[in-house]
Amino acid sequence: MEQRIIELDVREDLNYKIEPFQKIMEAIKEVKDNDIFILHAPFKPVPLFAVLKAKGFTHEEEEIESKHWKVTFTKKA
């Protein structure tokens with residue numbers, strides 16, 4: 001089965017004070033077992049970790065530069 005990667009960058013939304021939570025929830029509806037969801041955010045999105053963990057995701061986080069975090073969520077089968 002092919003693994004898909006869905007990527008979302010919410011840094012600009014947050015620059016404009018737009019709350020990206022709904023956009024993120026819409027994006028993860030597309031994520032199937034073993035797919036990967038990559039989120040780019042201006043900070044470490046800690047509250048999201050618990051929300052997505054409850055939906056069956058594990059995550060790895062990486063600070064690429066100041067104000068750029070890349071979080072890779074993987075949906076467990």
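In this text the structure is predicted, and so the values were computed from the model without any measurement.
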Please indicate whether Glu60 has more than 12 foreign heavy atoms, meaning atoms of other residues, nucleotides or ligands, lying under 6.0 Å from its CD.
no
Spacing of CG belonging to Asn15 relative to NZ belonging to Lys67, to within rounding of 0.5 Å:
8.5 Å
Say you draw a straight line from CG of Asp35 to CZ of Arg4; how long is it, rounded to the nearest 0.5 Å?
4.5 Å
Listed once per pair and sorted, the side-chain hydrogen bond (donor to acceptor under 3.5 Å, both in side chains) pairs that draw on residues 41-53, sequence neighbours left out
Lys44-Glu61
Nearest-0.5 Å distance, CG of residue Leu52 to OG1 of residue Thr74
11.0 Å
In terms of hydrophobic clusters joined by side-chain contacts under 4.5 Å, are Trp69 and Ile18 together?
no
So, taking the atom named CD in Glu2 and the one named NZ in Lys32, what distance separates them when rounded to the nearest 0.5 Å?
14.0 Å
Is it true that Ile36 and Ile6 fall in one hydrophobic cluster, defined by side-chain heavy atoms closer than 4.5 Å?
no
Determine whether Leu39 and Leu48 make a side-chain contact, defined as any pair of heavy atoms from C-beta on separated by less than 4.5 Å.
yes
Do Val31 and Phe73 come within less than 4.5 Å of each other through their side chains, counting heavy atoms only?
no
With the 4.5 Å side-chain cut-off for hydrophobic clustering, are Ile38 and Leu14 part of the same group?
no
Measuring from atom CZ of Phe21 to atom CD of Glu26, what distance do you get when rounded to the nearest 0.5 angstrom?
11.0 Å
For the pair His40 and His68, evaluate side chain to side chain contact (heavy atoms under 4.5 Å, CB included) and give the outcome as yes or no after the intermediate values.
CA-CA 7 Å; His40 297 273; His68 184 185; 2.9 Å; yes
Is there a path of hydrophobic side-chain contacts, each under 4.5 Å between heavy atoms of I/L/V/M/F/W/Y residues, joining Val46 to Met25?
yes
With sequence neighbours left out, which residue pairs that include part of residues 7-19 fulfil the salt bridge (charged side-chain N to carboxylate O under 4.0 Å, His left out) condition?
Asp9-Arg11, Asp13-Lys23
Could you tell me which residues satisfy side chain to side chain contact (heavy atoms under 4.5 Å, CB included) with Ala77, sequence neighbours excluded, listed by chain and number?
Asp33, Asn34
Using 30° and 60° as the class limits, which term best fits the ring planes of His59 and Phe49: parallel, tilted or perpendicular?
parallel
